Amino acid sequence: MQMGVMVTINAQVDPELVELLAAELGVELEYKEQVSLEESLIDQIVQQEDDTGSLVPRPPVVTFLGHVDHGKTTLLDTFIGTDVVSGEAGGITQHIRAYQISKDGRLITFVDTPGHEAFTEMRARGANVTDIAVLVIAADDGIMPQTEEAISHLKAAEVPIVVALNKMDLPGADPVKAMTQLTQFDLTPSGDWGGDTEVIQTSALKGDGLDDLLDTLLTIADLHEYRANPDRPALGICLESEQESARGVLAKLIVQTGTLRVGDVVVCGTTFGRVKAMYNTLHPNQLVSEAGPSVPVNVAGLDTAPGAGDAFHVLEDVASARSIA
């Protein structure tokens, strides 16, 4: 009361006031802050060291970024043999998409991020889950405002950047102009330019340069030796989620380490649930039973839709997951 604080005998007192009181009364004080269930469990999960013997090679996660309408989605469509562009509003990608493709018997995970300015936040999160980034630049346009924004995201995420100089089949293509612009962002092309940024000239519509692009991505993956332990509880990121009338909440998750299985209890941001079903992202009605490192899956079973960029963890029981969520 002398300190101007009016409290009852069973009131909570903040630590600073306790320290002041202890000093006034000459009492030695050791203050131990109570660790929440969330902090203790997350620390336990995150600090779980994987011994090198348990690590196995995993597919690289490659994110496509760049200015709207420079051909990111068309490039990915050509790789996976589908046509998403014509079904999107105005030909602009509205959702983050994640798929796996195979090249020479090796898997690569691709993440396509919306290129429109309204999706800056989603694209920033797309950059944060990636191992290698493909910066798509239209050879007839060069570097545009959103391309600059994508470069800043990628530099912040500190990931290797490969430039796909797309639309080389167009009459107005000017690769020298685009490469000169790249040097202004410390992305000096390799080869004759003397830099260390791989620039692959491509045409998504004609399929030119796509094999070279895939080979370059696999070479970079070999250099970095991306590895993970598939034999531990899964950790990863939610790319996005949606509410479906038939299947309820469908969350697009990408596993970063461990293996996610049907029946696992998952906490993802402020939502939780037991994995009821998992679907292949390329074939949305095809069920899968498990997803290892670098594998994207659509997951049903969470109680509410998690946010894009939320981390997910597999826990042992629903009660802990509910408490953390």
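Each residue takes its place number in the sequence, starting with 1. Only a predicted model underlies this, so the values are computations on that prediction, with no experimental measurement involved.
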Task: Test item: Lys155 side-chain N/O and Phe185 main-chain N/O as donor-acceptor pair under 3.5 Å - done: yes
TODO: Could you check if a side-chain atom of Tyr279 sits within less than 4.5 angstrom of a side-chain atom of Asn285, using non-hydrogen atoms only?
DONE: no
Open item on the list: I'd like to know if the side chain of Arg58 reaches the main chain of Pro293, judged simply by a donor and an acceptor atom lying under 3.5 Å from each other, with no hydrogens or angles considered.
Closed with: no
Open item on the list: Can you give me the closest heavy-atom contact between Leu302 and Gly273, atom names plus distance?
Closed with: CD2-N, 3.7 Å
Task: Backbone N/O of Gly209 and side chain of Asp212: donor-acceptor pair under 3.5 Å - done: no
TODO: Quick one: pull up CG in Leu250 and CD in Glu242 and give me the separation to the nearest 0.5 Å.
DONE: 6.0 Å
TODO: Indicate if Leu170 and Leu213 have the same hydrophobic cluster label, given that clusters are the connected sets of ILVMFWY residues with side-chain heavy-atom separations under 4.5 angstrom.
DONE: no
Open item on the list: A quick test of your reading: do over 12 heavy atoms of other residues, nucleotides or ligands sit less than 6.0 Å from CD of Glu225?
Closed with: no
TODO: Check whether Leu29 and Val5 end up in the same hydrophobic cluster, where Ile, Leu, Val, Met, Phe, Trp and Tyr are linked by side-chain heavy atoms less than 4.5 Å apart.
DONE: yes
Task: Side-chain donor/acceptor of Thr183 to backbone N/O of Thr188, under 3.5 Å - done: no
TODO: Go through the steps to decide whether Leu182 and Ile137 satisfy the test side-chain contact (heavy atoms from CB on, under 4.5 Å), and finish with yes or no.
DONE: CA-CA 10 Å; Leu182 281 170; Ile137 301 173; 3.8 Å; yes
- [ ] Kindly give the heavy-atom pair with the smallest separation between Arg261 and Val275, and that separation in Å.
- [x] O-CB, 3.8 Å
TODO: Group every Ile, Leu, Val, Met, Phe, Trp and Tyr by side-chain heavy-atom contacts under 4.5 Å, then state whether Val262 and Val299 land in the same group.
DONE: yes
Open item on the list: When you measure from the side chain of Thr271 to the backbone of Cys268, do you find a donor-acceptor pair of N or O atoms at a distance under 3.5 Å?
Closed with: no
Task: Heavy-atom check, side chain of Glu24 versus side chain of Met3, under 4.5 Å - done: yes
TODO: Output the distance between atom CE (Met168) and atom CG (Asp174), rounded to the nearest 0.5 Å.
DONE: 9.0 Å
Task: Thr259 side chain to Pro230 backbone, donor-acceptor under 3.5 Å - done: yes
Open item on the list: Any non-hydrogen side-chain atom of Val255 less than 4.5 Å from a side-chain atom of Phe312?
Closed with: yes
TODO: Could you give me the CA-CA distance, side-chain angles and deciding distance for Thr147 and Asp141, then say whether side-chain contact (heavy atoms from CB on, under 4.5 Å) is met?
DONE: CA-CA 11 Å; Thr147 321; Asp141 272 352; over 6 Å; no
Task: Asp231 side chain near Ser54 side chain, heavy-atom distance below 4.5 Å - done: no
Task: Interatomic distance, Ile237 atom CD1 to Ile254 atom CD1 [nearest 0.5 angstrom] - done: 9.0 Å
Task: Smallest separation among heavy atoms of Thr130 and Val61, with atom names - done: OG1-O, 3.0 Å
Task: Point-to-point distance, once rounded to the nearest 0.5 Å, from NE2 of His283 to OH of Tyr99 - done: 10.0 Å
Open item on the list: Side-chain heavy atoms nearer than 4.5 Å, only ILVMFWY residues, links allowed to pass through others: does that put Leu65 and Val159 together?
Closed with: yes
Task: Cluster overlap Leu165 with Leu154, hydrophobic side-chain contacts below 4.5 Å - done: yes
TODO: Indicate the atoms forming the closest heavy-atom contact of Gln243 with Val249, along with that distance.
DONE: OE1-CG2, 3.3 Å
Task: Close side-chain approach of Glu148 to Gln184, heavy-atom, < 4.5 Å - done: no
TODO: Check whether any side-chain heavy atom of Arg106 sits under 4.5 Å from a side-chain heavy atom of Asp222, and report yes or no.
DONE: yes
- [ ] Just say parallel, tilted or perpendicular for the rings of Phe110 and Phe64, cut-offs at 30° and 60°.
- [x] perpendicular
Open item on the list: How long is the straight-line distance from CG of Asp310 back to OG1 of Thr270, given to the nearest 0.5 Å?
Closed with: 6.5 Å
Task: Backbone of Ala319 reached by a side-chain donor or acceptor of Ser323 within 3.5 Å - done: no
TODO: State, yes or no, whether a side-chain contact exists between Leu187 and Leu135 at a heavy-atom distance under 4.5 Å.
DONE: yes
- [ ] Taking Arg274 for its side chain and Gly263 for its backbone only, find out whether a donor-acceptor pair lies under 3.5 Å.
- [x] yes
Task: Sole candidate of Thr74, Asp208, Asp169 that passes side chain to side chain donor-acceptor pair (under 3.5 Å) when paired with Ser203 - done: Asp169
Open item on the list: Run Cys238 and Leu253 through side-chain contact (heavy atoms from CB on, under 4.5 Å) and show every step you take.
Closed with: CA-CA 4 Å; Cys238 171; Leu253 307 181; 3.6 Å; yes
Task: Within 6.0 Å of CG in Asp14, more than 12 heavy atoms from elsewhere - done: yes
Open item on the list: Please check: side-chain N/O of Gln181 versus main-chain N/O of Ile143, any donor-acceptor pairing under 3.5 Å?
Closed with: yes
Task: Minimum-distance pair of heavy atoms, taken over all atoms of Pro189 and Val199 - done: CB-CG2, 3.7 Å
Task: Donor-acceptor under 3.5 Å (Thr78 side chain, Gly207 main chain) - done: no
Task: Residue pair Thr281 / Asn298, side-chain donor-acceptor N/O under 3.5 Å - done: no
TODO: Calculate, to the nearest 0.5 Å, the distance between atoms CG and CD belonging to Leu217 and Glu198 respectively.
DONE: 10.0 Å
Open item on the list: With heavy-atom distances below 4.5 Å as the criterion, would you say the side chains of Ile101 and Leu76 are in contact?
Closed with: no
TODO: Work out which heavy atom in Leu315 is nearest to a heavy atom in Ser320; give both atom names and the distance.
DONE: CD1-C, 4.1 Å
Task: Chi angles and distances behind the side-chain contact (heavy atoms from CB on, under 4.5 Å) call for Val265, Asp317 - done: CA-CA 6 Å; Val265 174; Asp317 60 277; 5.9 Å; no
